[in-house]
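Chain letters run A, B, ... following the sequence lines, proteins first, then strands; residues in each count from 1.
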Number of protein chains: 2
Amino acid sequence: MSMTTDQLPARTATRERILAAAYDAIVEKGFEATSIEEIATAVKISRAGFFYHFPDKNALARALIERQIIEEGDMLAGIMSRAAQLSDDPLQQILIMMRLMAERYVELPGGYTGCILASTIFQDRLFDAEVRAANRKANLAFRDRFVAQFAAIATAYPPRDPIDPGEMADMLNAVITGAIVVSRGLREPQVLVRQVLLARQMVKAVFQHA
Amino acid sequence: MSMTTDQLPARTATRERILAAAYDAIVEKGFEATSIEEIATAVKISRAGFFYHFPDKNALARALIERQIIEEGDMLAGIMSRAAQLSDDPLQQILIMMRLMAERYVELPGGYTGCILASTIFQDRLFDAEVRAANRKANLAFRDRFVAQFAAIATAYPPRDPIDPGEMADMLNAVITGAIVVSRGLREPQVLVRQVLLARQMVKAVFQHA
DNA sequence: AGACAACTGTACCACGAGTCAAGCAATGTC
DNA sequence: GACATTGCTTGACTCGTGGTACAGTTGTCT
């Protein structure tokens, strides 16, 4: 029982390298367009070596989504706690958060969190039920993270027409995801940032209508 | 010179049937997941028959996008003219249009216009420059369609903070696209309709802040 | 010395994209 | 009536990729 703590590194190290290489390639070219061969070469292992770590490509997709949930969660948690430092008001917090998010998207020229998730959804018939479940889980995690925030805002700043906090949380998710798609479609990277800021402005208008 | 007018039908008829079959299959399962074999079978021709009409799968994607631009344009034009009948006020028109769009999405349980576009974007490295161009064109067409409308609204109802009409148009596009993605990801079809209505509410709040 | 983890190499199958030469049917021309 | 062209179709091929199976190799821990 003394070795269990140290036996992870070798295995997980390669696994992580596979995930990192796959992520880069997929973000650039899409899931289907990225071959296992290619990932294996990038990580300097053989094709069979890949299958040692992942039973099939679905498993890779699943792992990437799970990974994305964690990373996105960490990022949002960071932004949330930073916003909490800067203001006690729930509306101000959201506005700060959205600005921080926009700033993040300026920094990452072509990278954007959540993109892999979206890219897999449309083809998800290719995948098995577990991938779909993982994906659903990611979206629910996003919603849960913001529901309480919007509920607090709605209490402090009652909107003219009633607003469901869950729907508002989904709206944030939808705007970001949609902006990524439109941004890529238009080949105008700045669209993503502007859309987040515009959404921010709209959130402000909805709750701060006085 | 007497026969040139009549030689189209047979050819275009099969072509249209291919497009229709491909559309149905792709909306359901995604572009990559839909094989040419499958499309050919649905249209009752052979695989090679397909390649007579389209040089490759990229050409199919391109044709579908072009087709989508036209259909979406027709739909939006219909909704726009209907809204113009019901109100002279540009803001009211948009609000009516968004409600009509939401109603449309209630009717189509799983179908949504623009979905094919989005589904191809993430994998667009697979495709050639022409597909990307067609896709970009589709997004620009959407923007152009709404820019004037939002400009008129901003004049009649000056928002608290200045708003770019083009960005506002992109927002509409982004919300719908993003809502489709999130909707599918969550496996909650009603999300799409609710998001459109929520976006409507937000548009209202932004311009009608008095 | 032995066991196990983490691979490599190779040979194999299934299937989908795309190519090609040939075939058929209807329409036209001589 | 012979024949040629055109629109459309077919079946047989190649090739890349996912996935399987399995035997062998190397390094590390005990």
Given atom [atom1] of [X] and atom [atom2] of [N], what is their separation to the nearest angstrom?
X: B:Arg15; N: D:dT9; atom1: CZ; atom2: C1'; value: 18 Å
X: B:Glu37; N: D:dT10; atom1: CD; atom2: P; value: 11 Å
X: A:Phe51; N: C:dC12; atom1: CZ; atom2: C1'; value: 13 Å
X: B:Glu32; N: D:dG16; atom1: CD; atom2: P; value: 17 Å
X: B:Phe54; N: D:dC8; atom1: CZ; atom2: C1'; value: 14 Å
X: B:Phe50; N: C:dG18; atom1: CZ; atom2: C1'; value: 11 Å
X: B:Asp56; N: C:dC20; atom1: CG; atom2: P; value: 13 Å
X: A:Phe31; N: D:dT17; atom1: CZ; atom2: P; value: 15 Å

Should B:His53 be listed as having a side-chain N or O under 4.0 Å from OP1 or OP2 of D:dT9? yes

D:dT9 phosphate, OP1 or OP2, under 4.0 Å from B:Tyr52 side-chain N/O: no

I'd like to check the side-chain hydrogen bond (donor to acceptor under 3.5 Å, both in side chains) partners of B:Glu130; sequence neighbours left out, ordered by chain and number. B:Arg62

Ring-face cation of A:Lys57 near A:Phe31 (centre distance under 6.0 Å, axis angle within 45°): yes

Give a yes or no answer on whether the side chain of B:Arg200 reaches the backbone of B:Met98 with a donor-acceptor pair at less than 3.5 Å. no

Contact check, residues 39-48 of chain B vs DNA chain C, heavy-atom distance under 4.0 Å, returns B:Arg47, B:Ala48

Please indicate whether B:Arg67 has more than 12 foreign heavy atoms, meaning atoms of other residues, nucleotides or ligands, lying under 6.0 Å from its CZ. yes

Is there a side-chain contact between A:Phe150 and A:Glu167, using heavy atoms and a 4.5 Å cut-off? no

Pairs where residues 133-149 of chain B contributes a residue and the test salt bridge (Lys or Arg N to Asp or Glu O under 4.0 Å) is met, not counting sequence neighbours: A:Glu188-B:Arg136, A:Glu188-B:Arg143, B:Glu66-B:Lys137, B:Arg143-B:Asp170

